[in-house]
Amino acid sequence: MSVHSKSSSAQSVAERAAELRDQLHHHAHRYYVLDDPELPDVEYDKLFEELQAIEAEHPDLLTTDSPTQRIIGKVLDGFTPVRHAVPMLSIRTETDTEASGAVAFDARVRRELELDESDPPIEYAAELKFDGLAINLRYEHGVLVQAATRGNGETGEDVTQNIRTIAQIPLRLRGAELAPPVIEVRGEVYIRRDDFDSLNERQRELIAKGAKNEKTFVNPRNAAAGAVRQLDPAIAAKRPLSFFAYGLGAVQDWTIPPTHSGLVDALQAMGMPVSVERAVVHGADGLVEFHRRVGAKRDDLPFDIDGVVYKVNDRALQQRLGFVSREPRWAVAHKYTAQEQMTRLLGIDIQVGRTGKLTPVAKLEPVFVGGTTVSNATLHNQDEIDRKDVRIGDTVIVRRAGDVIPEVVGVVADKRPPDTQAFSIVAKLQSKCPVCGSEITREEGEVDWRCSGGLFCAAQRKQAMLHFASRRAMDVEGLGDKLVDQLVDSGLIRTLPELYKLGVAKLVALERMAEKSAQNLVDGLERSKKTTLGRFLFALGIRHVGETTAKDLAKHFGSLDRILDASVEQLLEVNDVGPVVAQSIHTFFAQPHNREVVEQLRACGITWEEHDGTADNAPKPLAGKTFVLTGTLPTLSRDDAKDLIEAAGGKVSGSVSKKTHYVVAGAEAGSKLDKAQELGVVILDEEGLKALLPP
DNA sequence: GATCCTCGAGTTCC
DNA sequence: CTCGAGGATC
């Protein structure tokens with residue numbers, strides 16, 4: 001089926017409605033029955049809402065088979081249909097990025113209950129809206145006898161065998177001897193993000209080994225849905241499913257607690273897993289606060305959520321509010337901004353990095369996703385492009401969750417325009433660097449193509465210069481990427497030493513460069529001349545020599561001249577320097593033009609203190625200790641903390657392992673803190689760190 | 001030879 | 001932050 005563009009003005013409303021119905025039926029089938037959606041959920045929701053809107057405005061266009069009138073879900077062959085004793089209704093969902101949507105809901109509820117301002121705020125149970133699959137669990141005398149999917153709300157599928165494989169779901173309720181004859185527990189089957197990642201990892205391994213019928217999953221929900229509706233329970237059992245209970249179906253001879261929160265507590269007491277992220281709040285303010293709080297920690301939750309759900313807590317009030325058509329008036333779901341969106345791939349640019357690496361970058365039609373507008377996303381390398389079969393003109397799905405860098409997740413296959421071609425970096429570039437025209441090369445066994453132009457290539461010169469001036473290298477204030485572009489493009493600068501020969505007079509000739517900023521740069525360059533050997537070595541940008549290795553080299557050799565003339569064997573004596581790194585350093589300094597650059601820089605007045613190997617006598621209380629920093633400290637910046645620790649003889653590393661002695665944690669510390677707790681590493685705050693440092 | 005650990009390098013948006 | 005790869009360690 002083809003999916004046409006939104007609506008042409010010539011198209012009648014009736015035609016559009018019919019078209020939407022067809023599309024929604026088609027996508028619902030792909031989604032619910034085949035577990036192989038072509039559209040991201042947001043897109044489906046958009047179509048659904050558009051149809052709803054048309055039908056609300058033109059009731060005569062409402063047909064009985066409209067997807068809005070029936071929650072789609074077809075019983076697959078192999079599963080027995082189950083008629084729900086109490087229908088599984090859906091909650092009205094509002095796509096409302098503002099927390100203030102809660103205010104409108106609260107106002108609606110108060111109006112229905114005919115309350116005025118003098119009445120106290122309404123009590124709500126606030127919960128998460130899980131991104132999984134709704135399930136009804138039927139317990140008779142405390143024993144799980146049947147599990148069914150929601151299906152169309154009236155009739156679902158019997159998936160008892162698969163659900164029984166989920167360890168979190170009790171086969172027998174706690175206190176089963178006191179359990180009522182019938183109690184149906186409703187909740188959501190989902191997959192945790194970490195479980196999802198390892199599942200996909202396993203799938204990839206199977207595919208790599210040649211398994212034909214295996215595939216990786218687009219997102220945790222599809223994987224969960226697929227597992228629950230897997231015909232072979234043995235396969236379902238291998239999928240890492242989890243469960244949260246949040247509601248009730250049919251009951252017999254059981255006194256239902258008077259509040260929703262009380263009900264969830266009761267379910268927990270019976271041994272059902274329930275979410276800890278739930279709260280009883282009061283009035284619109286309480287809802288807004290909950291929405292905000294959950295929104296802030298959304299990315300840190302171990303599972304995906306769509307949004308939050310608000311329910312009037314008091315069951316008596318729920319009954320007074322009743323239902324509109326098939327949705328309860330006493331509950332509403334509010335979705336957060338989507339973390340996945342569809343957009344078009346307008347083109348693929350090739351960037352040249354400092355080492356000459358050619359990186360394909362997707363140019364996207366700007367799209368709002370995960371809180372920001374995204375127009376670029378890296379495609380990493382040719383392998384990645386091939387694996388995803390990304391082509392120019394394709395409609396692609398872009399994901400951005402929290403602070404994570406945007407990525408192209410995949411292509412919407414049936415939206416591919418005709419006559420597209422597989423994208424090839426080599427073909428596009430005709431084997432030439434897009435910046436300098438040099439031949440491009442790829443080493444045996446490597447995935448990256450590189451420009452062979454070296455510093456002849458303007459892109460590499462620019463990147464080399466930026467690296468040289470960067471904060472952890474020479475720390476030249478006032479030299480950013482815009483200025484580097486100008487300096488290189490204008491031909492004013494060809495080599496690094498020429499930077500230090502710039503005068504205010506030459507600089508003011510450039511656009512947007514007046515005397516003041518020119519003087520700033522000259523001052524910045526002047527200040528940068530006093531540096532350390534480690535920084536200077538790092539600034540040169542030798543392959544495989546990063547900040548740490550540069551420092552180790554400086555410490556080991558003590559003077560630049562000893563490094564310049566060091567043999568590969570001598571270099572190998574340095575900590576963490578093996579054959580690859582040693583060769584890289586040796587080759588770098590063997591090249592006459594590199595030696596010349598070094599000499600010229602020294603001639604410009606760049607200085608550092610050299611030592612002959614004798615230790616300085618500053619106190620080193622932290623010698624031999626390894627630290628890891630995480631989160632934001634109250635007063636120290638990351639760099640300051642690092643410098644202080646190193647000055648005291650300690651080491652700062654990026655990841656926590658059992659060799660880590662201390663983890664210094666600040667606000668919003670992430671996974672490293674968890675890891676530290678797991679490994680029992682000592683955790684310090686800023687105060688604790690300062691206490692270890694010499695005065 | 002395998003496994004763990006660390007370092008280097010690349011990346012987006014505001 | 002994350003990936004890949006170089007280096008160290010057993």
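The sequence lines fix the lettering, A, B, ..., with proteins before strands; numbering per chain opens at 1.
Pairing each heavy atom of A:Val398 with each of A:Thr343, the nearest pair is CG2-CG2, 3.7 Å.
Comparing A:Arg354 and A:Val374 by the nucleotide of DNA chain B whose heavy atom lies nearest to each, the residue mapping closer to the 5' end is A:Arg354.
Salt-bridge annotation for A:Asp389 and A:Arg416: present, with a side-chain N of the basic residue lying under 4.0 Å from a carboxylate O of the acidic one. Salt bridge A:Asp489/A:Lys462: present, at least one basic N to carboxylate O contact under 4.0 Å. Note on A:Asp576 versus A:Lys551: no salt bridge recorded, every NZ/NE/NH1/NH2 to OD/OE distance being 4.0 Å or above.
Distances shown here put every side-chain N or O of A:Arg543 at or beyond 4.0 Å from the OP1 or OP2 atom of B:dG8. The phosphate of B:dC4 has neither OP1 nor OP2 within less than 4.0 Å of any side-chain N or O from A:Ser657. Remark: A:Lys659 is not in phosphate contact with C:dT9, judged by side-chain N or O atoms under 4.0 Å from OP1 or OP2. Of the side-chain N and O atoms in A:Thr548, none sit less than 4.0 angstrom from OP1 or OP2 of B:dT6.
Looking at residues 375-384 of chain A, you'll see A:Ser375, A:Asn376, A:Thr378 sit with a heavy atom under 4.0 Å from some atom of DNA chain B.
Here the CD1-CD1 distance, from A:Ile350 to A:Ile440, works out to 8.0 Å after rounding to the nearest 0.5 Å.
Counting non-hydrogen atoms under 4.0 angstrom, A:Lys551 reaches nothing in the nucleic acid.
Comparing B:dC5, B:dT11, C:dG7 by their closest approach to the side chain of A:Thr359 singles out B:dT11. Relative to the side chain of A:Lys651, the nucleotides C:dG6, B:dT12, B:dC7 differ in distance, and B:dC7 lies closest. Listed candidates were B:dG10, B:dT6, B:dT12. Nearest to the side chain of A:Thr355 is B:dG10.
Here the C1' atom of nucleotide B:dC7 and the CZ atom of A:Arg472 are 14 Å apart, to the nearest Å. A:Trp449 has its CH2 atom 18 Å from the P atom of B:dG10, to the nearest Å.
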- request: Please lay out, stage by stage, how A:Thr355 and A:Arg543 fare under the test side chain to side chain donor-acceptor pair (under 3.5 Å).
  value: CA-CA 8 Å; A:Thr355 60; A:Arg543 269 255 255 174; 5.5 Å; no
